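This is a predicted model, so every value here is computed, not measured.
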Amino acid sequence: MPLLRCSVCECEVFERSVLAVGAECTECEEGEMLEVDADLEEETTAVVNPEPRPHLALPREAARKLLGEQDVRRPPVPVEQLAEAPGLTIVERRTLGSLSGRLVETTIDVAPCSRNRRRFVVAHEIGHHVLRRPHGSGPTVEPEVNAFAGELLVPGDMLRAAAKESMDLEELARRFEVSRQVLEIAARVHRLDDRIR
């Protein structure tokens, strides 16, 4: 399967039956999906940037797939119910030290924190499970899992629909039950940051 990259926002996805070369980008809806030579990409990355680059389109796609399978259509996303779908259990633990959360087999341990923070931690740990990317398994794991969590909590289609009703960042953050920072990142990812303030 070839790797496709958007000509505008540079999101990446492996070609599936849904997308093909020349298709409209599902992230920004402006760009065109172009095939990337994966071998050339790896060589170029190795020379220009010795650090591996996270591939964020696949985690976002996995989040959208989970939302679709669970028929979640509007905010706020019921993240704790979504944890149950793949068989995960959430347990509050006061003994995590500096950690906000962790995934141990099928248990998500969460430190006491605000509701918005807890929702992100749970979404993040679901990402580790769904993507099969354990903590510490590589330098790109955390950005990829964060991309999954962000898309799970603030999916692009829901954000675009909500932005038609309000472009106030604080109001949208309340509607999605996420922090201002999570909403700002989602707006930037989905190319709405010039409208949502």
Taking every heavy atom of Arg60 against every heavy atom of Val189, the minimum-distance pair comes out as NH2-CG2, 3.3 Å
Without swapping roles, check the side chain of Arg191 against the backbone of Arg188 for a donor-acceptor pair under 3.5 Å.
-> no
Value for CZ (Arg102) from CZ (Arg93), rounded to nearest 0.5 Å, stands at 6.5 Å
Are side-chain heavy atoms of Ile108 and His129 found at a separation under 4.5 Å? no
Distance col, row Glu142:CD vs His135:NE2, nearest 0.5 angstrom, shows 6.0 Å
Shortest non-hydrogen pair, Pro59 vs Phe148, comes out as O-CD1, 3.3 Å
Rounded to the nearest 0.5 angstrom, the CZ-NE2 distance for Arg117 and His124 is 8.5 Å
Sequence neighbours excluded, the answer for side-chain hydrogen bond (donor to acceptor under 3.5 Å, both in side chains) partners of Glu170 is Arg180
On a heavy-atom basis, the closest approach of Leu169 and Glu184 is CD1-CG, 3.3 Å
Derivation and outcome, side-chain contact (heavy atoms from CB on, under 4.5 Å), residues Phe120 and Asn146: CA-CA 9 Å; Phe120 188 84; Asn146 282 340; 3.6 Å; yes
message = Can you confirm whether Glu144 sits close enough to Leu56 that some side-chain heavy atom of one is under 4.5 Å from a side-chain heavy atom of the other?
response = yes
Tightest non-hydrogen contact, residues Ile196 and Ala163, listed as CD1-CB, 4.2 Å
d(Leu159 CG, Leu183 CG) to nearest 0.5 Å is 6.0 Å
Hits for side-chain hydrogen bond (donor to acceptor under 3.5 Å, both in side chains) against Arg118, two or more places apart or cross-chain, chain-then-number order -> Glu80, Glu92
Value for CE (Met167) from CG (Leu172), rounded to nearest 0.5 Å, stands at 9.5 Å
Closest non-hydrogen atoms of Val72 and Met158, given as atom of the first, atom of the second and distance, are O-CE, 3.5 Å
**Asked** Quick one: does Asn116's side chain get under 4.5 Å of Val182's, heavy atoms only?
**Response** no
field: Steps toward side-chain contact (heavy atoms from CB on, under 4.5 Å) verdict (Val122, Leu88)
entry: CA-CA 10 Å; Val122 170; Leu88 300 173; over 6 Å; no
Exercise for review: Take Ile126 and Leu66 through the side-chain contact (heavy atoms from CB on, under 4.5 Å) test and state the conclusion after the steps.
Suggested key: CA-CA 10 Å; Ile126 293 170; Leu66 179 59; 4.0 Å; yes
**Prompt:** Do Ile185 and Val121 belong together in a cluster built from hydrophobic side chains that touch within less than 4.5 Å?
**Reply:** no
Rounded to the nearest 0.5 Å, the CG atom of Asp157 sits from the CD atom of Glu151 at a distance of 7.5 Å
- prompt: Hey, are the side chains of Leu192 and Arg160 touching, using non-hydrogen atoms and a 4.5 Å cut-off?
  reply: yes
Would you mind reporting whether Val110 and Leu96 have side-chain heavy atoms less than 4.5 Å apart? no
When you group the ILVMFWY residues by side-chain heavy-atom contacts below 4.5 Å and let the links chain together, are Leu58 and Leu153 in the same group? no
Taken in chain and number order and not counting sequence neighbours, the residues that satisfy salt bridge (Lys or Arg N to Asp or Glu O under 4.0 Å) with Arg115 are Glu177
Heavy-atom closest pair (His128 atom, Pro134 atom, distance to 0.1 Å) is ND1-C, 3.9 Å
